[in-house]
Protein chains: 2
Amino acid sequence: MPDRGEGGGRREPTMRDVAALAKVSVKTVSRVVNDLPGAGTEVADRVRAAARTLGYRPDLTASSLRRADRRSATIGVLFEDLSNPFDAALLRAVEDRARQGGVLVLAGSSEDDHTLQRELLLSLAARRVDGVVVMAAGGHQDALQAERERGTPMVLVDRPPTFGGTDCVTTTNRDSSRDAVTRLAALGHRDIAFLGDRRTLWTSQERYTGYLEGLARTGLTLREELVHADLHGADLAETATAALLGLGRPPTALFTAQNLITVGAMRVLRAHGLQHRVALIGFDDFPLADMLDPGVTVVRQDVPGLGRKAAELVFARIDGDTSPPVHAVVPAALVPRGSGEIAPPA
Amino acid sequence: MPDRGEGGGRREPTMRDVAALAKVSVKTVSRVVNDLPGAGTEVADRVRAAARTLGYRPDLTASSLRRADRRSATIGVLFEDLSNPFDAALLRAVEDRARQGGVLVLAGSSEDDHTLQRELLLSLAARRVDGVVVMAAGGHQDALQAERERGTPMVLVDRPPTFGGTDCVTTTNRDSSRDAVTRLAALGHRDIAFLGDRRTLWTSQERYTGYLEGLARTGLTLREELVHADLHGADLAETATAALLGLGRPPTALFTAQNLITVGAMRVLRAHGLQHRVALIGFDDFPLADMLDPGVTVVRQDVPGLGRKAAELVFARIDGDTSPPVHAVVPAALVPRGSGEIAPPA
DNA sequence: CTGAAAGCGCTAACAA
DNA sequence: TTGTTAGCGCTTTCAG
């Protein structure tokens, strides 16, 4: 690499350069490049040749600036943490759908933090994305609402909006939780603990409500000391599980309402040698859940389904769909693997 | 949402609108918005007020089009599969570093496919990204080389370029593999199998070479029938493992050179009830590897470290660093958890 | 300290 | 079928 190393002076060739070389007007080049009608077969070839020799590549940002629709062919995706398997799978599903339309994805992690989410949203807006798919941070959604009210096509995923006029896609949090608890009760469990994530998260609330419904349906009484909420991260989940096991009348079954919590609880059960004696059902599947001993029974969300649906909705809105906002619900399914099928001690 | 639903007619306010309202020139608005010197305190306040009342937001694409540096404050990331935990963690690390500079990330999955990788690269180029971080698809790298030679700042991660003049960041594939095999040999294993990913991948080749070095160092002879390559996906890994176990003289230890392969092999060992009798060391850590029985001994890459380094390099190049290209190597570490510490049968 | 004119690369709207 | 003029929203250059 002698001389022309680090991209020093070279300038990207423009339509003008191509036009000059092909001895036509810029507009003609534009026509050929976008294969629009009015393309003289002869001239078109000349233009294409010129473009090739110069290494011309269209500038989408410039074209989008001038075009009538002003589309950037780019959408924004704002999830909590792109390194979380759930978020990653969701991103992938959205990306796949986007690619079909030649759309690229600007991705960011909001860390479940308002301020950060707002800043990222502004960053996306500054780049004039055509729409956004968002996992709303817990608490208020002022920034999301403001953005939406400016007209930005928006789909919330995993958690619904607290404001109107916006599409969203969620799973059957409440019903699946209720079914899980009902299932444990049917095995004879009467002391079923609940371990949940931050209360500010809608999904946590729903899953807790489902837990209560499950108890109510099966005639069980709520024991407050069996409920632990605000367990963000595996560490807190472990502490809570240990506390539960230390009770005078410990639970014989656990319902863990998020995948990191499930893992934390499982870890503690194993440490106490109780993994085959205390039943466990978790919300959210996770890799290798089937390889543990016992296999971990979980409520599995249809993550690709969620992502696909969210993408479809946002692209429909971008394409001008003005039908009333929808709340799509993608069903989750219980996957029995052993841990949820443990009966209580006689 | 009565009337102003779907963002129907409203136009984003521009600098001109702000200028008109504040009764100043567009240039003055530009100065205030970018807080450049020459901002009259009085006038600045008027401008800011006008901007707020109109809900003005700068258009980065327009500004970047005109500005001298032509930066889009956006980089591209092209990995194999964004839903793979390794890729996801890498993306997150790059994203974190990018955010510090107000840079956003356009992310895509290349599926380890040349054509797709080339198309995505062109898509990124059309949006005039400032640089790219790429996990090169196996085989030739023509598209990457072409892009690089146009001057696009580029860093390859996980796999090095087959062409010159380009930075890259990889891990200690060969050395760590050699150490893993050496470790198994030290326990007394003489029949150590190798299960590897696609041969076209540089990492596969390196890890295989490390395996050979390990054998050579410890005076073991290579048994060809213990080597299985081109195992892409867990299914192929399972078939290969089953085949190995069916040999007249089966291996007493396995070295699995990629995380999906490790999981597949582990699955088959369990199915045969051999997980405590056949030793196993895998390359790449994976979630819950410590919770399996036995815990899975792995070579763990420093994924955040790889991502951080890659991001640092690409931003340095974007900022004009013209020092010679570097190949940064981030060390991996062996994490003993049990499966790699199983001795051969007496 | 402020502004007018020009133009980034491209496309819309109209001619020729 | 082709070209000309204007201008997307912003920054540059240069003049007040």
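Proteins come first, then strands; the chains are lettered A, B, ... in the order of their sequence lines, and each starts at number 1.
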So which one's nearest nucleotide on DNA chain C is more toward 5', A/L36 or A/T61?
-> A/T61
Of the options B/L78, B/L156, B/L90, which is the one that meets B/M135 in a side-chain contact (heavy atoms from CB on, under 4.5 Å)?
-> B/L90
For nucleotides 7-11 of chain D, print each protein N/O atom paired with a nucleotide N/O atom at under 3.5 Å, atom names and distance only.
| residue | atom | partner | partner atom | Å |
| --- | --- | --- | --- | --- |
| D/dG7 | N2 | A/R66 | NE | 2.3 |
| D/dG7 | N3 | A/R66 | NE | 2.7 |
| D/dC8 | O3' | A/R70 | NH1 | 3.4 |
| D/dC8 | O2 | A/R66 | N | 3.4 |
| D/dG9 | OP1 | A/R70 | NH1 | 3.3 |
| D/dG9 | N2 | B/A62 | O | 3.4 |
| D/dC10 | OP1 | B/Y56 | OH | 2.5 |
| D/dC10 | OP1 | B/D59 | N | 3.1 |
| D/dC10 | OP2 | B/M15 | N | 2.6 |
| D/dT11 | OP1 | B/N34 | ND2 | 3.1 |
| D/dT11 | OP2 | B/S30 | OG | 2.7 |
| D/dT11 | O2 | B/R66 | NE | 3.3 |

Are A/S25 and D/dT2 close enough that a side-chain N or O sits under 4.0 Å from OP1 or OP2?
-> no
According to the ring-ring contact (aromatic ring centres under 6.0 Å, His included) rule, which pairs have a member within residues 110-149 of chain A, sequence neighbours left out?
-> A/H114-A/H140
With the side chain counted from C-beta on, respond yes when A/F79 and A/D81 share a heavy-atom pair under 4.5 Å apart, and no when they do not.
-> no
Please examine the side chains of B/L144 and B/L121, heavy atoms only from C-beta on, and report whether any two atoms are closer than 4.5 Å.
-> yes
Determine, for B/D35 against B/R48, whether the closest basic-nitrogen to carboxylate-oxygen distance falls under 4.0 angstrom.
-> no
Does A/T28 have a side-chain nitrogen or oxygen under 4.0 Å from the phosphate oxygens OP1 or OP2 of D/dT2?
-> no
